Amino acid sequence: MINPASRTKLIELSQIRKMFEATKPGAINLGIGEPDFDVPQNIKEAMKKSIDNNETHYTPNKGDLDLREEIVKKFKNDNGIKTNPENVIVTVGASEALFASTQAFVEPGDEVLLPNPSFLLYEAVINLSGGKIVPVDCKMENEFKLKADDVAEKITDKTKAIILNSPSNPTGAVMDKEDIKAIADLSMDKNFLIISDEIYEKIIYDKKHYSAAKYSDNVITINGFSKTYAMTGLRVGYLTANDEHTEEIFKIHQNSIACANSTAQRGAYEALTGPQDEVNNMVAEFKNRRDLIVKRLNEMGYETVNTEGAFYVFPKIEDEDFVKKAADAGVVTVNGAAFGSNGQGHVRMSYANSYENIEKAMDILEERVVNG
Ligand code: PLP
């Protein structure tokens, strides 16, 4: 084999994916990170129409202008972020936005603060940029929320960036406004970048979402259509940042991606401008399932914290063999340690599965794993 670049040697292929590949047929999958709903019909129609209209050419590198204009409106109305179409880039999912942002700003010697536990892709994109990961504890006693005081303690003169993710994958935690604001203030005082992954923004219960970019100019705000509109496979995300920051990220985007998929961009435009009922119904259904899974886990004696968003619960389960025993009994879950050392002793369960399947999965765990 030809010797690979040193940056790829730091990357381990996703353990979660490997586990799914090994899943027994018929197992109930609570490991999954995508909505089980289908793309709303109006979005499908818009994409079909765009193909018939031959809207299948390259789009502007930053994305279709009308889509970027709608994204600007969305940022203003939902997040209190003032931006303009020039400072919006439509990306190939939030994943590309994360990759392009870290490539544009992080280099060897830079420290990047990373919540522990957090989504696996963050570690990979920081490693690919050559940056050094500095974990910041999200403690169960704080309901896994990232706290500004814990962030402040880790800042050095090498701190280049922090990644925020609220609501969080894997814990479902939603950060408090005061912490977001305090970290935003720190980013201005200490001159570092906030990469704020807000992809689960709309999947939130009884709590309000706050964007760091409302309080600081040093923020790249990342969002996308995968979770809110169940458009995972269509691969559309977006970001906004100030003039100078956007330009640097654009250099990476333009020279790696050219533009996001044209048909999927027409779907994204419809998603933002069309009716939002299906989003509201989906979130209401997620809330019912959240209540069910939390109740059942608590009844089995597993402690959970207040999961206020996304579609994950992160119960404390100290039996190291739980994930294996559950898989053998036909329920797929993910070991919390996969998301960082603070995930040790926890299991991530996704409730992006039907109410009936979650009930069935909880019955199986109760009968065959807890009492088995
Ligand atoms: N950010 C978080 C926290 C996620 O959980 C995911 C997907 O699971 C992504 C980003 C990737 O989203 P996209 O499909 O837009 O690339």
Side-chain angles (χ1 to χ4, degrees), residues 14-17 19-20 29-37 39 43 63 67 71 74 88-103 112 114-126 128 138 144-146 162-175 194-204 209 211-212 220-240 249 252-253 256-257 260-261 264-265 267-268 271-272 279 286 307-314 334 336 338-340 343 348-353:
S14 169
Q15 294 304 313
I16 299 182
R17 221 145 265 294
M19 220 178 64
F20 290 162
N29 196 341
L30 303 185
I32 204 118
E34 66 171 329
D36 54 312
F37 299 92
V39 173
I43 299 176
L67 173 57
I71 291 170
K74 184 251 169 265
V88 169
I89 304 176
V90 178
T91 55
V92 180
S95 302
E96 190 230 328
L98 288 160
F99 177 74
S101 302
T102 42
Q103 286 294 307
V112 182
L114 187 64
N116 173 7
S118 60
F119 177 46
L120 287 165
L121 192 88
Y122 302 147
E123 187 182 323
V125 293
I126 299 167
L128 284 171
C138 299
F144 288 114
K145 294 174 192 197
L146 182 68
I162 182 169
I163 297 188
L164 300 187
N165 176 222
S166 177
S168 155
N169 174 9
T171 64
V174 174
M175 285 179 69
I194 296 177
I195 300 173
S196 183
D197 177 354
E198 304 182 12
I199 190 121
Y200 291 104
E201 169 192 7
K202 298 281 180 186
I203 304 174
I204 192 165
H209 170 79
S211 292
I220 302 168
T221 307
I222 294 177
N223 210 320
F225 295 86
S226 287
K227 315 288 172 174
T228 310
Y229 299 97
M231 285 169 62
T232 46
L234 293 163
R235 315 301 306 126
V236 207
Y238 53 92
L239 64 82
T240 193
I249 301 166
I252 306 291
H253 171 81
S256 51
I257 299 303
N261 177 293
Q265 287 191 55
L272 288 182
V279 178
F286 277 140
T307 45
E308 294 169 317
F311 38 65
Y312 306 104
V313 277
F314 206 60
V334 182
F339 304 95
R348 189 189 78 171
M349 296 182 194
S350 154
Y351 45 93
N353 207 321

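Heavy-atom basis, side chains included; hydrogens, waters and symmetry copies ignored. Predicted model only: the values in this text are computed from it and were never measured. Counting starts at 1 for both ligands and their atoms, following the listed order.
Between Y312 and Y200, the distance from one ring center to the other falls under 6.0 angstrom. Taking the six-membered ring for Trp and the full ring otherwise, the centers of F37 and F286 sit less than 6.0 Å from each other.
Taking 4.5 Å as the limit, every side-chain heavy atom of L146 sits out of range of all side-chain heavy atoms of N165. Looking at R235 and S95, their side chains come closer than 4.5 Å, going by heavy atoms from C-beta outward. Side-chain atoms of V112 and T102, non-hydrogen and from C-beta on, never get closer than 4.5 Å to each other.
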With the criterion set at N/O pairs under 3.5 Å, what does the list of contacts between the protein and ligand 1 look like, atom names and distances included?
unit_1: ligand 1; atom_1: 1 (N); unit_2: D197; atom_2: OD2; d: 2.6
unit_1: ligand 1; atom_1: 5 (O); unit_2: N169; atom_2: ND2; d: 2.9
unit_1: ligand 1; atom_1: 5 (O); unit_2: Y200; atom_2: OH; d: 2.9
unit_1: ligand 1; atom_1: 8 (O); unit_2: K227; atom_2: NZ; d: 2.6
unit_1: ligand 1; atom_1: 14 (O); unit_2: S226; atom_2: OG; d: 2.7
unit_1: ligand 1; atom_1: 14 (O); unit_2: R235; atom_2: NH1; d: 2.7
unit_1: ligand 1; atom_1: 15 (O); unit_2: A94; atom_2: N; d: 2.7
unit_1: ligand 1; atom_1: 15 (O); unit_2: S226; atom_2: OG; d: 3.3
unit_1: ligand 1; atom_1: 16 (O); unit_2: A94; atom_2: N; d: 3.2
unit_1: ligand 1; atom_1: 16 (O); unit_2: S95; atom_2: N; d: 2.9
unit_1: ligand 1; atom_1: 16 (O); unit_2: S95; atom_2: OG; d: 2.6
unit_1: ligand 1; atom_1: 16 (O); unit_2: R235; atom_2: NH2; d: 2.8

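The aromatic rings of F225 and Y229 lie tilted to each other, with the angle between the two planes from 30° to 60°.
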